[in-house]
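After the structure tokens below, expect a handful of questions from me.
The sequence lines fix the lettering, A, B, ..., with proteins before strands; numbering per chain opens at 1.
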Amino acid sequence: MEAWLMDVADGFTKAFITGDRWKLYLKGLGVTLELTVIALVLGVILGVLVAVVRTAHDQQRPGRRNPLLGLLNVLCKVYTTVIRGTPMMVQLLIWAFVIFASSRNRTLIGAFGIGINSGAYVAEIVRGGLMSVDIGQSEAGRSLGLGYLDTMRFIVIPQAFKNILPALGNEFITLFKDTSLVSAIGGAELIYYAKAVGAKTFDVMYPYLGIACMYLAVVMLLTWLQGKLERRLRQSDRR
Amino acid sequence: MIDVKNLSKSFGDHLVLDGIDQHICPGEKVVILGPSGSGKSTFLRCLNLLETPTGGTITFEGTVITDPKVNIDQVRQKMGMVFQHFNLFPNMTIRKNITLAPVRTGLMKQEEADEAATALLKRVDLLDKADAYPNQLSGGQKQRIAIVRALAMKPKVMLFDEPTSALDPEMVGEVLDVMKELAAEGMTMVVVTHEMGFAREVGSRVLFMDGGHILEENEPHAFFSQPKNPRLQEFLSKVL
């Protein structure tokens, strides 16, 4: 028993303490979070744009179809179909080694790839949210003479936001964990450093268990924040 | 004011309106009666193009609004509409519900709109609810707010789509009172309703619709005392 404890302490020290290796993990975690934020922003912007284009296209008055909107709608459809129909790993490999093969900044390419991937899923979530708002709401807005965009901006989107928050939170958590794939294209995030430490000490157990704990801690924090935000938005219902 | 020619509307194979001709003059209070599924709501919703007609033309103040090139938002600013389910915006205060459209369409500045909202709320006796949210109001209160929200745009005509059908019986009166007041002020109104008393008292003309046609139209007294169409006779014998 004592020997085992010594073993644990030794492994732990080698994985985290010796040579200030914990700093490497922190650096990796920082990059992982950076990846998450960039991908998140990109994903949300893309997702909302695609969702608005697709909803606007579907809600056009017959006989007044806008050809530009039709073209955009086709592009959006192709985007969601291709992105949702191929593995993210494959997409990342294509971004890093085919399209941007000459670039060295693999972390940024990774953030870009994940953001584009996430956008397709966010688009479907947002579109569902927009459709979940009672049609009478937009009819009321339009009947008052408000334009389509104003009706969306002031009436439909604020109400949709509340409905999509749980699904969106879920998507964000998935995205955070998916950043681990960036290690496959050589991005220097959490897994990259864990592997590096493991290779040096010939013991991967502690580095891997350690980063698992780090991922878990961040996800628990995100879940808690999401719950808090939802509770606050619900409160406004019962005013 | 509103001129409807040969209006038809179908949903897929189902023909809901079949060649309606109708003229609504300024100051008229047209009440539309009929069984469910007769096309009366669809007719009303065609007037401000919430439903796009499949045939025929609608002219409003000289503009052919069924023309795809017409800016429908500008036309709708002059046509108020009140819905069966109120459709207040739950994410805004009552005051914001009323001022949003006048401000965003450039009809008024925020301060002017706030003043107008205060005056309108006083008129329906709900000024104390200005900063409340729709969910805190009763059905009757919501519908009165929905009426003044439409009035804030200073419309030339008001369209009512079964405004009392979703209300508790107790609350029907307060909404009808606001509508009667509005009628007395000379507002042009088109009302789809099941309130026979309102039709008789306020209507200047009553239409009976069934199967996508206007089967009978008359001034209210004769409409109720000497119905000629057998379908209308049957309808009245069931509801009166």
When only heavy atoms count and the cut-off is under 4.5 Å, which of residues 145-165 of chain B reach chain A? B:Arg149, B:Ala150, B:Met153
Is any side-chain heavy atom of A:Gln137 closer than 4.5 Å to a side-chain heavy atom of B:Pro90? yes
Taking side chain as C-beta onward, heavy atoms only, is A:Ile155 less than 4.5 Å from B:Leu100? yes
Ignoring hydrogens and angles, tell me if any N or O in the side chain of B:Gln74 forms a donor-acceptor pair with the backbone of A:Gly145 under 3.5 Å. no
Distance-only, no hydrogens or angles: does the B:Asp73 side chain make a donor-acceptor pair with backbone N or O of A:Tyr148 under 3.5 Å? no
What's the separation between atom CD1 in A:Ile157 and atom CG in B:Asn91, rounded to the nearest 0.5 Å? 11.5 Å
Do A:Pro158 and B:Phe89 have side-chain heavy atoms sitting under 4.5 Å apart? no
For the candidates B:Leu49, B:Ile72, B:Asn48, B:Val82, which exhibits the highest count of non-hydrogen atom pairs separated by less than 4.5 Å from chain A? B:Ile72
For A:Tyr121, look at atom OH and say whether over 12 heavy atoms of other residues, nucleotides or ligands are found less than 6.0 Å away. yes
Quick one: pull up CG in B:Asn87 and CG in A:Asp134 and give me the separation to the nearest 0.5 Å. 6.0 Å
Starting at CE of B:Met81, measure out to CZ of A:Arg142 and round the result to the nearest 0.5 Å. 14.0 Å
So with a 6.0 Å cut-off around NZ of A:Lys77, is the heavy-atom count from everything else above 12? no
